[in-house]
Amino acid sequence: MNSTAITKYIPALSDPFLQIITVIIILFLTIVIGKAITIYLQRSLKDKMDKEHLNILLKVTYYGIIFASVIGFIFPVLQIDTSSLLVAGGVLGIILGFASQSIVGNLISGIFLMIERPIKIGDTVNIDNNLGFVEDINLISTIIRTFDGLYMRLPNETVFTTNITNYVANLGRRFEYVIGIRYSDDADKAIKIIQDIIDKQPFALVEPAPMVFVDNLGDNSVNIIVRIWAPATEWYDMKKELLWVIKKTLEKNGIEVPFPQRTLWFANELNTKKTNTYNDDNRIVPGTDRT
Amino acid sequence: MFDIYQPPFTIETEDTVITVEKHGDDLIYKRMFHGEEETELLLLNNDGDILINPIEPVNLPKKLTSFLLVDFKRPALIRPGDRKKIYLTFPVEIGVFISDKSGNHEVIDTFTYSKIKFTLYGSHNQGLICRYWESDVFTELPQTDILYEGYIELDIINDSSHMMEVTKAVLNAYGMKIYYGDKRLGMKASMRIINKLLAETDFSTYPTTSRFKRSMELYTSRKFMPIGTKGIMEFGL
């Protein structure tokens, strides 16, 4: 229904006093209706939307109703021709459109981000190679606190068009260790020890089950892969803690993580001779081999 | 161990020593395990009684979920339209509460002697992280140690038209009603099977035995309205 159609139902008031009274009544009714609708929206959406976005929606709705009422009812009462406003509005719209192209782009991206919700406040994310916690999501920009504590404002257009990795969107997250043991060590025993350690960790999920197996026979070690699932909120603390516990427990059980080593075979036997060295007390320390 | 204590007092159970000392108007709460201090709190201007009782087993080591998944060691089969009562065990978590002048209770400490594990029930994006507990399936009341395990009297109702194999029960802590006696503690729950992928679990407000006392649950003392008290098992039985 356009304003011309509405005008047909509104009698033209020639008396300025009557016009003012009518405008006041329409404004009053509009405000009452606007308030009623916003209260209704607030009550019905307060559990479904976060507070900030709900406030934006309520304000847009409220002022939208008032704007529509001014254009649709008050202008016809005041006998203002809205068609001329449309032309002026069109020209103004083009100017504003060019001037605020990026703002509108960010605004629309912000609206789509709110609908799609790939990130939430508090999530740990990587947006355009910026890692951190989402502090705030506004209509125009998204605020990130990086892991080293920096404040970072990202325009919503960037957020929307770039790759987003949300580290806590799913409930569980897997991490992996590669643990090398000596060829002389018993890999089955090492696997059993690692499985026992995982079993004692509360946050190592039972399902999906952890995996511990010999992955490959490396140059210097037998490599055991350890894959553990943890709740997404706990995985990092667990990952930090568990590797050292595994290393210490393996060593306690006589299984060692070997250093890189290389066995050299010489074509001819080497001429070696045994010499003695002297300690601080000038006493002989026998049996030091020198090549 | 599960009782109301008037400070000052000391109780010792299973290598755990709980001491509450009076210092003027204040209380000092200490919990030691194997001689090592685990918790020490200063309760300012407080002379309330201390209540120690079992709480919902989903609070330790930190509040991560409100769901307990009891994994059956052997599956239980139930005929279509049938109803059967079985018994499971659940881990015990112990809550220490202090009462204020108006009789309200606030939790000051929680601990457990049971093994703590978590698991994922359902899909990675829509499932649930649950406290995990593996239990045998009993047809009679099991013998349990009150400090380690309680029992769940689970009434399984198969509303579907197929024979159903039940391998787990997902229970919501918001609905748990724990009752305890001198030697045992238990909960009464029901599981209504709708189809192979969907079941609903709920708790009864009645004790398994009339002699049992109602426990002060953590979720009750927190005084907020739960969103839902039922456990919906929508990712299989």
Side-chain angles (χ1 to χ4, degrees), chain A residues 43-50 115-120 122-126 134 164-176 194-212 226-242 245, chain B residues 33 38 56-73 75 89-93 110-135 148 167-171 173 224-228 232-237:
Chain A
R43 282 183 183 167
S44 53
L45 295 175
K46 74 176 175 191
D47 296 329
K48 294 169 188 161
M49 287 179 80
D50 59 88
I115 295 166
E116 195 191 343
R117 298 179 76 85
I119 51 171
K120 293 196 298 291
D123 284 357
T124 311
V125 294
N126 180 350
V134 178
I164 298 175
T165 307
N166 189 333
Y167 296 109
V168 291
N170 286 334
L171 292 164
R173 188 166 171 191
R174 196 184 75 179
F175 62 93
E176 182 178 299
I194 295 167
Q195 280 170 337
D196 287 347
I197 294 167
I198 295 169
D199 189 49
K200 283 178 192 151
Q201 284 291 321
F203 294 126
L205 295 178
V206 176
E207 283 294 331
M211 283 192 280
V212 186
V226 182
R227 288 183 181 147
I228 304 166
W229 284 90
T233 50
E234 309 300 324
W235 81 277
Y236 188 60
D237 288 340
M238 218 177 113
K239 188 184 175 183
K240 280 191 299 182
E241 181 190 327
L242 211 56
V245 174
Chain B
F33 185 66
E38 296 259 306
E56 302 88 338
V58 290
N59 298 287
L60 291 166
K62 66 195 279 193
K63 180 77 191 72
L64 201 67
T65 175
S66 66
F67 290 93
L68 169 71
L69 186 146
V70 181
D71 194 13
F72 297 5
K73 276 186 184 166
T89 60
F90 72 93
V92 171
E93 279 185 22
T110 52
F111 60 99
T112 185
Y113 298 113
S114 308
K115 183 181 174 183
I116 303 170
K117 286 296 279 183
F118 289 89
T119 190
L120 176 69
Y121 170 69
S123 66
H124 279 272
N125 55 352
Q126 289 181 323
L128 300 166
I129 293 283
C130 302
R131 167 83 189 266
Y132 178 85
W133 183 254
E134 194 179 41
S135 164
Y148 292 85
T167 60
K168 56 180 87 71
V170 176
L171 305 158
F224 57 78
M225 283 297 291
I227 301 157
I232 307 293
M233 298 173 66
E234 54 185 330
F235 299 102
L237 310 175

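Worth saying up front: this structure is predicted, and the values here are computed from it rather than measured. Proteins get letters first, then strands, A, B, ... in listed order; numbering begins at 1 in each.
- Heavy atoms closer than 4.5 Å to chain A are found in the side chain of B/Lys115, but not in its backbone.
- Contacts between B/Phe118 and chain A at a heavy-atom distance below 4.5 Å involve backbone atoms as well as side-chain atoms.
- No donor-acceptor pair under 3.5 Å is formed between the side chain of B/Lys117 and the backbone N or O of A/Phe203.
- Only the side chain of B/Leu64 comes within less than 4.5 Å of a heavy atom in chain A; its backbone stays farther off.
- At a 4.5 Å heavy-atom cutoff, the contact between A/Ala204 and chain B is made by backbone and side-chain atoms alike.
- In the displayed structure, A/Tyr236 atom OH is contacted under 6.0 Å by at most 12 heavy atoms of other residues, nucleotides or ligands.
- Here B/Ile129 is the residue among B/Ile129, B/Asn125, B/Leu128 with the most heavy-atom pairs under 4.5 Å with chain A.
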